[in-house]
Amino acid sequence: MWVVPESAIAGLMTPEAAFDAVEAVFAAMARGEARNFPVVREAIGHADALYGFKGGFDASGLTLGLKAGGYWPNNGKHGLINHQSTVFLFDPDTGRVSAAVGGNLLTALRTAAASAVSSKYLAPEGARVLGMIGAGHQSAFQMRAAVRFGDFERVIGWNPHPAMLSRLADTAAELGLPFEAVDLPRLGAEADVIISITSAFEPLLMDGHVQGPTHIAAMGTDTKGKQELDPALVARARLFTDEVAQSVSIGEFQHASAQKLISDADVTALGQVIIGRHEGRGDAEVTIFDGTGVGLQDLAVANAVVELAKQQGKAVQVDI
Ligand code: NAD
């Protein structure tokens, strides 16, 4: 089997490779060629940890495997980040394990790639202003991917904890774009594309904040109870997601769905737009992509990075 350590990922994985891998796997899901398996996520009763697996099989790319890991809230004292994961790939012809790949950086890159893919297909024509809600670890990756694959001239941002806003300012400076911290009414009125990536459990962006043609990539809500958007905003928008079943159960759309403001039929898998079976934005004023994070995304980027590592002689081969 091939081993690609966490420390090698930064030098191997490009945003373009992540974007292409995620776009391709969303398309494969829409064609019925790839499916995610039920997610396991359990509190293990030790170290306050949440541990689980996300897996699936993509028959078009012949990618079989799982991401194992979760959230250890006290990892700071061990000098580690709280989210820890490893991706395991298997040979779909024999069942033999074929690769073990560090999953921490890959998770940030595949999550950012998903929102960038959503903007490619759903952002309003001529989108120039990027609005960021959230300034945690993921936010910098989100901004970098949005700017790389979009045509933004400036970035505005808001965060529930203002002290963290420097991360957004620093990232915009690194990308050569002006940044301004604004309140949510201004953010909703001025941004053409909004990315929300917080750990909020209450709606932050309200229906009345959002003015004019806007695409929102709601990326923070990946667990029951989390919430970033006003359900009334969800109810008036055209809705897209990575996987419908996840979005209405653990994603952002769980709340509007529970309140019966939307039904499953109102939510379209982004892959349907990618393969040309759904028109996408059409005449909608507001579109929302609910990025819940599916196992096939992890497998797609892990597969891409193993190929890059093999080409560049950076993968280690071990017998198991
Ligand atoms: P982080 O801990 O580095 O930052 C947390 C962010 O949320 C900050 O902006 C902080 O100000 C804000 N925040 C924290 N507690 C809050 C609260 N109670 N109410 C409102 N805001 C709060 O986290 P991160 O690594 O940047 O991740 C952000 C979110 O993205 C998390 O919820 C994480 O689970 C989620 N995530 C989703 C995916 C996906 O595929 N959709 C992938 C990775 C992470």
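- Looking at Q142, its side chain never comes within 3.5 Å of a backbone N or O of I197 through a donor-acceptor pair.
- L168 has its side chain out of reach of V155: every pair of non-hydrogen atoms, C-beta onward, lies at least 4.5 Å apart.
- For L187 against I156, the heavy-atom pair with the smallest separation is CA-CD1, 3.8 Å.
- Under the 4.5 Å side-chain heavy-atom criterion for ILVMFWY residues, no single connected hydrophobic cluster contains both L177 and V129.
- Distance alone, capped at 3.5 Å, places no donor-acceptor pair between the D230 side chain and the P203 backbone.
- No side-chain heavy atom of L233 sits less than 4.5 Å from a side-chain heavy atom of M206.
- Taking 4.5 Å as the limit, every side-chain heavy atom of E190 sits out of range of all side-chain heavy atoms of Q211.
- Interatomic distance, CG of D58 versus CG of L64, reported as 10.0 Å (0.5 Å rounding).
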| said: Run the side-chain contact (heavy atoms from CB on, under 4.5 Å) test on R186 and E180 for me, step by step, so that the C-alpha distance in whole Å, both residues' side-chain angles and the decisive distance to 0.1 Å come before the verdict. | reply: CA-CA 11 Å; R186 252 194 80 188; E180 190 183 356; 3.0 Å; yes

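- Of all heavy-atom pairs between S60 and E33, the closest is CB-OE1, 3.1 Å.
- No side-chain heavy atom of Y71 sits less than 4.5 Å from a side-chain heavy atom of D48.
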| request: Go through the steps to decide whether L229 and I216 satisfy the test side-chain contact (heavy atoms from CB on, under 4.5 Å), and finish with yes or no. | output: CA-CA 10 Å; L229 306 181; I216 302 167; 4.3 Å; yes

| task | Go through the steps for H255 and V234 under the test side-chain contact (heavy atoms from CB on, under 4.5 Å), then give the verdict. | result | CA-CA 9 Å; H255 306 285; V234 173; over 6 Å; no

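- Put simply, the side chain of S98 gets close to the backbone of L89: a donor and an acceptor are under 3.5 Å apart.
- For the pair E243 and M29, the minimum side-chain heavy-atom distance is below 4.5 Å.
- Between the Q254 side chain and the G251 main chain, a donor and an acceptor come within less than 3.5 Å of each other.
- When all heavy atoms of K224 and F201 are compared, the closest pair comes out as O-CE2, 4.4 Å.
- Considering CG of L106 and OG of S85, their distance stands at 8.0 Å, rounded to 0.5 Å.
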Review item, side-chain donor-acceptor pairs of residues 280-299, under 3.5 Å, at least two apart:
unit_1: R281; atom_1: NE; unit_2: L122; atom_2: O; d: 2.7
unit_1: R281; atom_1: NH1; unit_2: A284; atom_2: O; d: 2.9
unit_1: R281; atom_1: NH1; unit_2: E285; atom_2: O; d: 3.1
unit_1: R281; atom_1: NH2; unit_2: L122; atom_2: O; d: 3.3
unit_1: R281; atom_1: NH2; unit_2: T214; atom_2: O; d: 2.9
unit_1: R281; atom_1: NH2; unit_2: T287; atom_2: OG1; d: 2.9
unit_1: D283; atom_1: OD1; unit_2: R238; atom_2: NH2; d: 3.4
unit_1: E285; atom_1: OE1; unit_2: R236; atom_2: NH1; d: 3.2
unit_1: T287; atom_1: OG1; unit_2: H215; atom_2: ND1; d: 2.8
unit_1: D290; atom_1: OD1; unit_2: E252; atom_2: N; d: 3.1
unit_1: D290; atom_1: OD2; unit_2: E252; atom_2: N; d: 2.9
unit_1: D290; atom_1: OD2; unit_2: F253; atom_2: N; d: 3.1
unit_1: T292; atom_1: OG1; unit_2: D242; atom_2: OD1; d: 2.7
unit_1: T292; atom_1: OG1; unit_2: D242; atom_2: OD2; d: 3.3
unit_1: T292; atom_1: OG1; unit_2: Q246; atom_2: NE2; d: 2.8
unit_1: Q297; atom_1: OE1; unit_2: V294; atom_2: N; d: 2.8
unit_1: Q297; atom_1: NE2; unit_2: R110; atom_2: O; d: 3.2
unit_1: D298; atom_1: OD1; unit_2: K67; atom_2: NZ; d: 3.1
unit_1: D298; atom_1: OD1; unit_2: R110; atom_2: NE; d: 2.8
unit_1: D298; atom_1: OD1; unit_2: R110; atom_2: NH2; d: 3.4
unit_1: D298; atom_1: OD2; unit_2: R110; atom_2: NH2; d: 3.1

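- In terms of modelled atom types and a separation under 3.5 Å, the side chain of S118 and the main chain of A116 share no donor-acceptor contact.
- No donor-acceptor distance shorter than 3.5 angstrom exists from the side chain of Q272 to the backbone of A27, with no hydrogens or angles considered.
- The main-chain N or O of H83 is never found under 3.5 Å from a side-chain atom of N75 such that the two would form a donor-acceptor pair.
- Between the CG atom of N159 and the OG atom of S196 there is a distance of 11.5 Å, given to the nearest 0.5 Å.
- The closest donor-acceptor contact from the side chain of D192 to the backbone of R128 lies under 3.5 Å.
- Transitive grouping of hydrophobic side chains (ILVMFWY, heavy atoms separated by less than 4.5 Å) keeps V305 and L66 in distinct clusters.
- Side chains of Q84 and Y51: no donor on one and acceptor on the other come within 3.5 Å.
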| Could you walk me through whether Q312 and L12 pass the side-chain contact (heavy atoms from CB on, under 4.5 Å) check? | CA-CA 8 Å; Q312 297 177 28; L12 284 167; 3.5 Å; yes

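- One hydrophobic cluster, built from ILVMFWY side chains closer than 4.5 Å, cannot hold both V193 and L204; they sit in different ones.
- In this structure the side chain of L130 never reaches within 4.5 angstrom of the side chain of R154, judged on heavy atoms.
- Q138 and A108 make their closest contact through OE1-CA, 3.4 Å (heavy atoms, listed as atom of the first residue, atom of the second, distance).
- Remark: I262 CD1 to D264 CG distance equals 7.5 Å, nearest 0.5 Å.
- Checking D20, I9, L109, V22 one by one against V301, the side-chain contact (heavy atoms from CB on, under 4.5 Å) holds for a single residue, V22.
- Scanning both residues, S139 and G134, for their nearest heavy atoms gives CB-O, 3.4 Å.
- Test T107, L105, T111 against F141 for side-chain contact (heavy atoms from CB on, under 4.5 Å) and you get one pass: L105.
- Two residues are said to be in side-chain contact when any heavy atoms from C-beta on lie closer than 4.5 Å; L270 and Y121 meet this criterion.
- Shown are V97, V316, D319; of these, the side-chain contact (heavy atoms from CB on, under 4.5 Å) with M1 is made only by V97.
- When all heavy atoms are compared, the tightest approach of I320 to R96 is O-NH2, 3.9 Å.
- Cluster annotation: M219 and F152 are assigned to the same hydrophobic cluster (Ile/Leu/Val/Met/Phe/Trp/Tyr, side-chain heavy-atom contacts under 4.5 Å, transitive).
- Checked by atom type and distance alone, the side chain of T14 pairs as donor or acceptor with a backbone atom of A17 at under 3.5 Å.
- M13 and V147 fall within the same hydrophobic cluster, where Ile, Leu, Val, Met, Phe, Trp and Tyr residues are linked whenever their side-chain heavy atoms come under 4.5 Å apart, directly or through other members.
- Checked by atom type and distance alone, the side chain of E6 pairs as donor or acceptor with a backbone atom of G103 at under 3.5 Å.
- Separation of atoms OG1 (T198) and CG (L205) is listed at 10.5 Å; rounding is to 0.5 Å.
- Looking at H278 and F240, their side chains come closer than 4.5 Å, going by heavy atoms from C-beta outward.
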